[in-house]
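What you see is a predicted model, and the numbers here were worked out from it, not measured in a lab. Protein chains get the first letters and strands the later ones, always in sequence-line order, with residue 1 at the start of each.
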2 protein chains.
Amino acid sequence: MTTSHLILLIEDDIQTRRFLKSSLNHRGWQTVEADNGKTGLAMLNSENPDLVILDLGLPDMDGIAVTRRLRQLSDLPILILSARSQEQNKIMALDAGADDYLTKPFGSGELHARLQALMRRISRGIANQEIFETGQLRVDLTRRKVFVGENEVRITPIEFRLLSILIRHAGLVVTHRQLLQEVWGAEHIHDQHYLRIYLGQLRHKLEINPARPRYLLTEMGVGYRLAVDDHSSQD
Amino acid sequence: MTTSHLILLIEDDIQTRRFLKSSLNHRGWQTVEADNGKTGLAMLNSENPDLVILDLGLPDMDGIAVTRRLRQLSDLPILILSARSQEQNKIMALDAGADDYLTKPFGSGELHARLQALMRRISRGIANQEIFETGQLRVDLTRRKVFVGENEVRITPIEFRLLSILIRHAGLVVTHRQLLQEVWGAEHIHDQHYLRIYLGQLRHKLEINPARPRYLLTEMGVGYRLAVDDHSSQD
DNA sequence: CGGGCGCGTAAAAAAGGCGTAAAGAGCGTT
DNA sequence: AACGCTCTTTACGCCTTTTTTACGCGCCCG
C-alpha cells in the first residue's frame, strides 16, 4: 500500500504549488516544496523524497538541466509538469531521464492517476527481471547468456548491452537516441550506423530468418523494438 | 474543491450573456460574469475559475490581447466566441493560446459539446493517456501502434506525429499553424499543402470512407479536428 | 458566368533511412 | 610477435518516406 511517500515539489508558481500540495496531501502523500531548481536539488539530499514533481518552467534553471542533474543524483521517479508551449522541452526532459509528464492544465484526478501508474511501474520492477523469454528466444540477464531454442549463442558485450536495453523496454519502441546514448554515450548520439550494424549482427544470431525479423523490429525513423510474444507466429 | 466547475464569462452583449448563463447553470455549471476585458482579467484571480469563455468582440480591448494575457496568467482552458465576420481574429486567438471556438449564432447543444471536450481533457486527462480510442480507431501512443478495428495500420513518422497532436487536442480544433509548426517547424508555417497531403494519407489509412471522414474533420480556413465519440447519452 | 480560393487526390521525383558485406583498427592473450 | 576476437569505418544498393508537381471539384463573389 501507500507507505511513507514523500514527494518533492519543484514549482515556482505559487498557485500551482498550492493546488498540488492540497491535492497530494488530501490523497495521503507528504510534500516538501522548493520554488526553484537549486534549492530543489539541495532538498534531494536533505529531505530524501520518494518521488519528484518538477515544473519545466523554472525561473533560475533550465528544466532539462534540473532533470539531468536529478537523474545523476538518484534513480527517483520524476514527473514533469509542462505548459502547453513547452512541447519540445518536454520531449527533451523525457530523453534526459524523466519518467512521465503532465501538460497543464490538469485536474487532480489526472495527477493522481499518473502518480499511481508511476509508483506501480517502479515497485513492480520490470527492470529487475532475471530471465527474459519470448518465442524461441531466452535471455539470462544475470549470467549474460542467450539461447535460441536449445542452443546457446555467443554474444559480444555491445550486442548484449543493446539486447538488454531492448528487453528492459520489451514491447516498447526505444529511440535511436536512447540506444546510442546508453551504449556508446552522448558523443555518439548521431552515429546511427552503429545501430544498423549491431542490430544486423544480433538478427543474424537470434533470428531464424534475419531478413524477416520476428523479434528485433525496426520502427522507421524512430528506433527499434523487441517484439513480445503474441501466441501465434508464422514466416 | 476540485469538482466545482466555475466558468468565467467575458461577454459584453447582455443578451448573449443571459443566454450563456442560463444555459450553463442549467447544465450544473457555476458562472461569474464580466462585461469587458479588463474586469474579466481581474476576476481571473479574484474568482479563480476553471474555464474561460471569451467573446472576441469586446468594446474595451482587443480579443487577441485578452487571450494572450489570459494565457500568460494561467493555463486555463479558453473557449472563444466569435462573430462570423471575425474569421481572421478567431484564428489569431487560437494561435495565441485559445483552445477552441464557437461561431455565433450557436445553440446550447453545440456549446455543451465544446465544453465537454474541453473539460474531458482536464478531468480524464486525454492529453496524457497512453491509449486513445474512439469508434473503430485505437491508437497506442507509447507503442506507436494504430489499429482500425482488429487490424494494425502502418503509420509513418510524420503521419504519427500529426495524429498524436490531434489526439492530444482530441475534440478540439488545431490550427494549420500549430500543426505545421510542431511537425515541420517554424519555417514551414505556410506550407498548408503538406497538411492536405498528410491528412489525406491518414484518412486513407484510418477512415472507413476517406471521402466522408468520421474522425479527421476539416475546419475550413482554420485547421483540423479529431472527432471524439461522446459516450454520454444526453442531448 | 467566370475566376479565385481552399481543399482533396494522384502520381512523379527527390531524399533519406535501412540492411549487408567487407576491410581496417584496437586490444588482450598466447 | 602473431593470433583471435571485437569494435569501428567505409561503401553500396534497396526500399520507404517525404517533397514536389499537377489537376479536379465545389463554393463564394464579383
Quiz item: Taking atom CD of B:Q116 and atom CG of B:L111, what is their separation to the nearest 0.5 Å?
Solution: 10.5 Å

Quiz item: Taking the six-membered ring for Trp, are A:W184 and A:Y194 parallel (under 30°), tilted (30 to 60°) or perpendicular (over 60°)?
Solution: tilted

Quiz item: OP1 or OP2 of C:dC7 less than 4.0 angstrom from a side-chain nitrogen or oxygen of B:Q192, does that happen here?
Solution: yes

Quiz item: Does the side chain of B:Q72 come under 3.5 Å of the side chain of B:R69 through a donor N or O and an acceptor N or O?
Solution: yes

Quiz item: Should A:R154 be listed as having a side-chain N or O under 4.0 Å from OP1 or OP2 of D:dC5?
Solution: no

Exercise. Send over the distance from B:Y194 OH to D:dT21 P, rounded to a whole Å.
Key: 10 Å

Quiz item: Could you state the CZ-P distance from A:R196 to C:dA22, rounded to the nearest angstrom?
Solution: 18 Å

Quiz item: Within less than 4.0 Å of OP1 or OP2 of C:dG19, is there a side-chain N or O belonging to A:T218?
Solution: yes

Quiz item: Within the structure shown, what part of the strands sits under 4.0 Å from A:I197 by heavy-atom distance: base, sugar-phosphate, or nothing?
Solution: base

Practice problem: Quickly work out the A:H193 NE2 to C:dG16 P distance and round it to whole Å. | Solution: 18 Å

Quiz item: Do the side-chain N or O atoms of B:Y198 get closer than 4.0 angstrom to the phosphate oxygens (OP1, OP2) of C:dG8?
Solution: no

Self-check item: N or O in side chain of A:W184 less than 4.0 angstrom from D:dC7 OP1/OP2
Solution: no

Practice problem: Give the C-alpha distance, both sets of side-chain angles, the deciding distance and a yes or no for salt bridge (charged side-chain N to carboxylate O under 4.0 Å, His left out) between A:R114 and A:D99. | Solution: CA-CA 10 Å; A:R114 292 280 113 177; A:D99 296 281; over 6 Å; no

Exercise. Remember a base hit wins even if backbone is also touched, and classify A:H176 as base, sugar-phosphate or nothing at under 4.0 Å, heavy atoms.
Key: sugar-phosphate

Practice problem: Can you figure out which of C:dC7, D:dT21, D:dT8 approaches the side chain of B:M220 most closely? | Solution: C:dC7

Quiz item: Using a cut-off of 4.0 Å on non-hydrogen atoms, how would the nucleic acid contact of B:L199 be classed: base, sugar-phosphate, or nothing?
Solution: nothing

Quiz prompt | Atom-to-atom span, NE2 of A:H188 to C1' of D:dC7 - whole angstrom | solution = 11 Å

Quiz item: Within less than 4.0 Å of OP1 or OP2 of C:dG8, is there a side-chain N or O belonging to B:R203?
Solution: yes

Exercise. Take atom CZ of B:R161 and atom P of D:dT17, then tell me their distance rounded to the nearest Å.
Key: 15 Å

Practice problem: Could you tell me whether A:E182 and A:R168 make a salt bridge, using a distance below 4.0 angstrom between a side-chain N and a carboxylate O? | Solution: yes

Quiz item: Contact class for B:Y224 (heavy atom, under 4.0 Å): base, sugar-phosphate, or nothing?
Solution: sugar-phosphate

